[in-house]
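Computed over heavy atoms, backbone and side chain alike; hydrogens, waters and symmetry mates excluded. Order of the sequence lines sets the chain letters (A, B, ...), proteins ahead of strands, with each chain counted from 1. The structure displayed is predicted, hence computed values, not measured ones.
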Amino acid sequence: MSLAEAVSTHVQDGCKIVLGAALENAVPFAATHELIRQGRRELNMIAPISDISTDMLIGAGCVTEVTGAWVGNVSGGMGHNFRRAAEKGLPHPIKINDYSNFTIGMAFFAGAYGLPYVPVKTILGSDIMKSNQSIKLTEDPYTGEPVALIPALKPDVAFLVVQRADKAGNSHIWGSTGLTQEASIAANKIIVLADEIVEPEVIASDPSRVLIPGFGVDAVCHVPAGCHPAPLIGKWQRDNAFFHHYHKETRVPDGFDRWCDEWVRDLADHDAYRAKLGGELEDLRILGDVPSAPANYATE
Amino acid sequence: MSLAEAVSTHVQDGCKIVLGAALENAVPFAATHELIRQGRRELNMIAPISDISTDMLIGAGCVTEVTGAWVGNVSGGMGHNFRRAAEKGLPHPIKINDYSNFTIGMAFFAGAYGLPYVPVKTILGSDIMKSNQSIKLTEDPYTGEPVALIPALKPDVAFLVVQRADKAGNSHIWGSTGLTQEASIAANKIIVLADEIVEPEVIASDPSRVLIPGFGVDAVCHVPAGCHPAPLIGKWQRDNAFFHHYHKETRVPDGFDRWCDEWVRDLADHDAYRAKLGGELEDLRILGDVPSAPANYATE
Amino acid sequence: MTHDYSTQELMIIAAARQIADGERIFVGMRLPITAYGVARLTHAPNAVGLFESGVARYEPADGMLYTMCDGPNQLGAAWTTGLIQIMGLLSGGRVHAGFIGGAEVDKFGNINTSYIGDIDDPKVKLPGSGGAPDIAAMAERLVIIINHQKHRLVEKVDFVTSPGFLDGGDARKKAGLPGGGPAVIITDRAILKPHGPEHEFHLASIHPGHTVDEVMANTGWDLKSIPDLGVTPEPTKVEMDALHHIDKDGFWRS
Amino acid sequence: MTHDYSTQELMIIAAARQIADGERIFVGMRLPITAYGVARLTHAPNAVGLFESGVARYEPADGMLYTMCDGPNQLGAAWTTGLIQIMGLLSGGRVHAGFIGGAEVDKFGNINTSYIGDIDDPKVKLPGSGGAPDIAAMAERLVIIINHQKHRLVEKVDFVTSPGFLDGGDARKKAGLPGGGPAVIITDRAILKPHGPEHEFHLASIHPGHTVDEVMANTGWDLKSIPDLGVTPEPTKVEMDALHHIDKDGFWRS
């Protein structure tokens, strides 16, 4: 399935969306672009940290709610669109549901595994308990000590970048995964952006490397470098210059619009994006081979 | 460190012990034997399911408390020592703290990750909520619906069988892991029984295969076939005949004593146990090679 | 009457028919895993089998399994992971059905695998629950497999390890249990299903060669029948061929 | 006075000294990760570095990192896993110290990285918390790194993203926070530490070349000094050699 088709089939205006949950790697920027191109509106973007992905969607007017722990530009600092929306309501106001990284982790965990809420201590004392009214301060009935309840969070759709998948969506991921597993299992639908599509035997050779099994996946899209400019372990280096360029260009709303036309709206799809990047993208491709030691699954 | 030394250093009478938490594979039977040899008493054995390991320790008089979801002989059905202890107080009475598999999972999860308790729905309606008085029936403050609270469970020592580890205890595990990660992180001390000790580079070649990092490990023991008669993926097949033999021999207390003398007390250590098994053990050794597809960790 | 199938084979086929295509099923060992294999080979080629230790499979394992953790159940699996990931699917309401057995089941489908007699001084201490309470609480429906004997199908179990409809009526709903509860009891003599607002298990069909009187005599409560009581449909040739393909050694034939 | 180290290098060395051998440390990027590297090469060869995305490392990564998720931070790591596994160590009380920065810190060590001004109509919307509140709540001690300016070291932060001693005294304990709270603020002018039962941050040492008046003029509260106020010890040759070994390009020299 093409990514455009996956987005048009599975994402409606008003959806709660996870665009990657690994923090700063494996961010599905290709899906970010497609949501902008298809003009989705009133999205609630949920993620601990998704680097400039959330900032782009805010600037393009797709977002009315942000649920997470951090929105900005890991290279540049502030996300200009996020600031403009929060400070001046431009392009329109956004509601911010604050979490810390661990508490949004627990919210996804609860959503994934059918717990109504999770009691934590890690958010005590923080004003996030005041700004996020879904978090309840209560007493541990065993000890009487203060504890904060984090209710389950269940996204509508989760987009995930994986290093390799088979056609059925059985997916191998390696390197740090942040909240990828919990966020995707919590989601009603999972859309996989596979950097590489491989034969089922490759995935089946290592079922312990599977983070997302195919039976939970709603669409599988073959999108090489769908993570650009974020890194993908063993596949693509981070495009640091691209992040700095975005930061510089988007200081003013007009600048963001120009950037967004050039890099998103004026391009038909991710193939066109890759073609426009050209040699810059090729320079980021990981050519080395540092393989993992094999695990043996023989039975006799 | 030898396993005998690890047990004598880290396990005291009265400890709460996890002997494997992967259910029916990777059960650290070599540690079971060592606890019996060293005559530890008043242990609280905690595990979802550890096949006949718990039954052996009960029969040897090491146990006064059993915390888990199932005690028996997966091949033979009932565990005779467990029945004698529960029904007749032989060799002495045991207290049973009942859980279901998912709720003991949540108890370990809470213990591992600093949550005071976890609210679940999966144990509602079960009389386990009456027999295990640590479980509290309460109301979800968000919905008013019934919910059961499972408090954190923190073992003193967890013994784990791993396929390979380096000298520092950085460990690779593959195949299904049950509650291995949660139970070990929840434990105050971790003792690794490595089927194979490898160079640090082998483990470091695949940090996503690490289930237990060395910085949490208190002792690393090289114990080939430390899982026997349980299976270990890619290393040892299950010794089904051994389970049936145990079931038959232990029907009466005298039978268990004879079995325990022959297979545990009269043997100096696990090397002697392996020597006694001889060709029977060699027949269970996995000689085939069905390797996982490599993951690439190159950075450029 | 001659049948070219055994009672256990009939039970396996009846169990296989409880699995619809594409469903996620908590399988368990022995009879249910064979039933899962038959379903995959016949009407449910896209079913997914789940195992509590942390295994999900499409194709059933090749060869005899003693435990769900054995090597053949892991080789070529869809997913080998932890217990929380797999049982969490259940807790999260994403599992269609589960198979469980037990020492006792009562007329409301409550199952005991814990204590026979008094809990503080049990006559028999059974091995315990494993993941059965979680499956019973959360799966959309539960399939119970048990031998049909008076001391096994009882008026009221001594200990509810895995909840059915509890005291009947809306007791299960009131207790806050999200899953649908037991949908069927498959025995070696008959098939029972819950009937009416009380959800009491009724005789739904009798296996060929058995009689209502015999079934009632071997049931520990006053067993009623559903209005359209029939005979359990015999296995088809396609089903038996699938079963024989899996059970090459004829383990289930006798 | 001439020093053959930059202010930032002095801050890095001061930060490195906050790490004891064998400790588990939430590192973060930039200055703290360099400090971690210096500590590993000098007095803390067995320290373990933790990164929220799901990385634990012994040796720091080889080469410049832009984010904790970059390839070099994962290659040869001790553990690449999920956020819950790594931050769970924190929640479980198994982390000794964490480094964090912020836009504002107040006299009780409370940190703001969320909102400047009114939360419903903020003057500046900062990027947010990341994992800082969790670290501040749970680590045995917190090391705060911030530039010493009057609008950054304030009487009271507009929004407590990451709790220090809250309103001072036993307020932190009363709020139920298990971790020990902020142990030190390292700035480009001085080192501040909490002092007395109120846990108000006091001037603990002044970096060489700076004065008490200058530090006070650049602090947003009436900064008091500890009784034995001294000068921040200069980096040793061993420490500087370690730093230069890591910072081959001289990024921190100017």
With a 4.5 angstrom heavy-atom cut-off, which part of C:Phe51 approaches chain B: side chain, backbone, both or neither?
neither

Looking only at heavy atoms, what is the nearest atom pair of C:Phe159 and B:Ser131, with distance?
CZ-OG, 3.9 Å

Output the option from C:Thr113, C:Ile84, C:Leu90 having the highest count of non-hydrogen pairs under 4.5 Å with chain B.
C:Ile84

Just checking heavy atoms, which of residues 71-82 of chain B are less than 4.5 Å from chain C?
B:Val71, B:Val74, B:Ser75, B:Gly77, B:Met78, B:Phe82

Separation between CG (B:Leu23) and CE (C:Met68), nearest 0.5 Å, reads 4.5 Å

Residues of residues 168-187 of chain C with a heavy atom under 4.5 Å from any heavy atom of chain B, in residue-number order, are C:Lys174, C:Ala175, C:Gly176, C:Leu177, C:Pro178

Separation of C:Ile119 CD1 from B:Asp127 CG (nearest 0.5 Å):
7.5 Å

Region of B:Ala86 in contact with chain C, defined by heavy-atom distances below 4.5 Å:
both

Less than 4.5 Å to any heavy atom of chain C: does that hold for the side chain of B:Glu182, its backbone, both, or neither?
side chain

Could you list which of residues 92-114 of chain B have a heavy atom closer than 4.5 Å to any heavy atom of chain C, in residue-number order?
B:Ile96, B:Asp98, B:Tyr99, B:Ser100, B:Asn101, B:Phe102, B:Thr103, B:Gly105, B:Met106, B:Phe109

How far apart are the closest heavy atoms of B:Ala22 and C:Ser53, and which atoms are they?
O-CB, 4.1 Å

For chain B, which of C:Gly128, C:Cys69, C:Gly54 has the most heavy-atom pairs under 4.5 Å?
C:Cys69

Find the distance between CD1 (B:Ile49) and OG (C:Ser129) and round it off to the nearest 0.5 Å.
8.0 Å

B:Asp283 CG: over 12 foreign heavy atoms closer than 6.0 Å
yes

Considering all heavy atoms of both residues, which atom of B:Thr177 and which atom of C:Gly82 are nearest to each other, and what is their separation?
OG1-CA, 3.6 Å

Heavy-atom cut-off 4.5 Å, strictly under: side chain, backbone, both or neither for C:Thr67 against chain B?
both

B:Ser126 side-chain N/O to C:Thr161 backbone N/O, donor-acceptor pair under 3.5 Å
yes

Heavy-atom side-chain contact between C:Tyr66 and B:Pro231 under 4.5 Å
no

Does atom CZ (C:Arg141) have a neighbourhood of more than 12 heavy atoms from anything else shown, all under 6.0 Å?
yes

Between B:Glu24 (side chain only) and C:Asp70 (backbone N and O only), is there a donor and an acceptor less than 3.5 Å apart?
no

Counting only non-hydrogen atoms closer than 4.5 Å, can you tell me which residues of residues 102-111 of chain C sit against chain B?
none

Looking at chain C, which one of B:Lys88, B:Gln237, B:Lys121, B:Glu145 has the largest number of heavy-atom pairs inside 4.5 Å, strictly under?
B:Lys121

Tell me the closest heavy-atom pair linking B:Arg83 and C:Lys125, and the distance in Å.
CG-O, 3.4 Å

Toward chain C, the part of B:Ile233 with a non-hydrogen atom under 4.5 Å:
side chain

Ranked by heavy-atom pairs below 4.5 Å to chain B, first place among C:Asn73, C:Asp120, C:Val124, C:Ile135 goes to C:Val124

Heavy-atom pairs under 4.5 Å with chain B are the metric here; pick the option from C:Leu166, C:Asp134, C:Ile86 that has the most.
C:Asp134

Can you tell which of B:Val290, B:Leu179, B:Asp51, B:Val147 has the highest number of heavy-atom pairs within less than 4.5 Å of chain C?
B:Leu179

